[in-house]
Amino acid sequence: MDDIVEQTVLPHLRALIHKLDNERLDFELDGVRTFDKPHNFLPGKIALGFSYLILATPKTAPEFDTYIHSYNDLAKMTLDMDNVKWGAYYYMLAIYRLQEAGLLDQVLDKDTLEILKVKLDWRKFVSIPEYKLQEGVPTNYYGVAFSIARLRFLMGWETEAGSNKLLEIMLSHIDEHSGVYGFSDETEGEGRFDRYSIVLIAELCARFLDTNAEVPKMLNERMRKSVDFILPLMNQTGAGLQYGRSIGPYGDGIFGEILSTAAMMGILSVEEMEAGYAFQTKVTERLMNFWYDSEMQSINFWENGRLTDPYRNKSRILDENLSLIHQHLSSYNFWKQLGYTSKRPGSEFSSWLMTLPRYNFTWFAKGKYERAHLTIRDNNQVIELPMVGGGKGFHEINSYFPIPYSIDMVQGSPFRRYPQLLPQLTLEDGVVVEPLSFFKSIRTEEEGSKLIVRIKQVELDRVKLSDGYWRERIPKPENRISVETTYVFDSGSMTRTDYITPNKPLKNVTLSMEFAGFSTDGVVNGNTVNYGDGVVQSFETKGYQNITVEPLEMSTKYASPVGAMSSLVKVSSKLDNFSEPITVSWTLNYQN
């Protein structure tokens, strides 16, 4: 990992900082002028990113004095910019680390530091004495507020009272909202369990470690649950979580955050430590070999068929680069403290992967509706089936669909609504429904080499209203139709079957489904598409009247975090009189 960081990550960071120092407010990266739009966290990310560079540069190096002066200049340049919440935390962490290294007085003049002392305050978004977050601020920001308060205490800027109170509130909130299974719903009960739900505990624990505070026991227990969730997802490529919002390199990076933090906390076995370090090495290598685009001189979320959610739009190109560099260097520093980073991972990692269970089922929540996640390992293919609700603004987005995601086989498209691999029903009144959010009676069973998953949905999700508009809203149940879904996973194949029942007679219903994938040269033969090239070899459907396949040319609609889809299968049926149950299915055969 030393080699990867020194030869790729730090040179990329150095190039960004040099360019920023030269261009200042005119900074431009791949055609984007960064400072033309406000970015609430950017000053903090600049301060933290530059601190990594200073701390990695020997004091005897000729560029060290230049960095010292430039740090203060850039701090002054960004002093009047908005920098709250996460931005304040990043800045405080940078200041604290520089103080610990005995460099703070050199990099920031007294006047600048006094201004920052006022600006970098958790009370900017937490009211006192109620200790309430400002309206609209997500509850996980109690963790950000705690981190800022703790760092301010360590800097001697305030007493410990604020951080102690925030810690008490934060632990109470985690205990209340994470439930018995230990994962936090990102919504108020709508069932959005995603990347944030898995990594949240690791982020909190890392902040304790960053500020030399003891990690509370309750976080140790929940941290182990995150470890147990991600271990079966590990693979040879360094690819991480494949569904939900803000994935791509962030879906990869959570593995480093969780594993390095767990290693520092002493909750990994010796074998898990070795495997975790090996996988972290692959994740960081993938950041610079796959996600980094040499022509852009940037991590690439946005070009050449790649797509991310609007939150990480390209106007944030600088702070996204700095965020990812921080994420990886922070994990790297934990492994370095543990004495690992000069090691070259050996063949033991491949052998260890083979010892992982073929299936791993994780409950997220039970109640009126059920939320869960399934990991399937089939030789070198790792497949994950999330059964969650996307919640307001995300439930109808196909990166949250209850379908099997896997690198090079099945991906979702951030903020796209086409019916990827599940039946979509358009009713006579124009309402569009899909089996997305209201899961009940989830159960699994093994039958020889097969794993069978059964799901009931007595209500479907109304993803489009009768007025013809898509709405970013809380999922609304539609009880005119119910669906029972069965997945069968076997070596080299997976099948989804939907038993669709009208709860009362319906007329003029259109049934449709799509499969946007990466295999090419598809040819229709009866009800099956056979591919000439790609991991997916064939895609067979049953119960639909029409089937077509067409190539895709860098479509912005059918794009994914990892790149554009190459082909599109469409199937459909017209149900003039829908009064009896029907069965539809698809089978995907792949190279494993």
Would you say the rings of F489 and Y487 are close, in the sense that their centroids are separated by under 6.0 Å? yes
Can you name the residues that form a side chain to side chain contact (heavy atoms under 4.5 Å, CB included) with A278, not counting sequence neighbours? P345, F349
Sub-6.0 Å ring centroid separation between H373 and F193: no
Quiz question: by atom type and distance under 3.5 Å, do the side chains of E514 and Q420 form a donor-acceptor pair? no
When the ring centroid of F394 is compared with that of Y400, is the distance short of 6.0 Å? yes
Residues that Y96 engages under ring-ring contact (aromatic ring centres under 6.0 Å, His included), provided they are two or more places apart: none
Near-ring test F364/F183, centroid separation under 6.0 angstrom: yes
Applying salt bridge (Lys or Arg N to Asp or Glu O under 4.0 Å) to K45 and not counting sequence neighbours gives D319
Listing request: all side-chain hydrogen bond (donor to acceptor under 3.5 Å, both in side chains) pairs with a residue in residues 343-357, at least two apart in sequence or in separate chains. Q236-S350
Looking at the rings of F439 and Y369, which for Trp means the six-membered one, are their centres under 6.0 Å apart? no
Any side-chain heavy atom of T308 within less than 4.5 Å of one from S246? no
Residues at least two apart in sequence or cross-chain that pass side-chain hydrogen bond (donor to acceptor under 3.5 Å, both in side chains) with Y340, listed by chain then number, are none
List the residues meeting side-chain hydrogen bond (donor to acceptor under 3.5 Å, both in side chains) with E186, not counting sequence neighbours, and say none if there are none. none
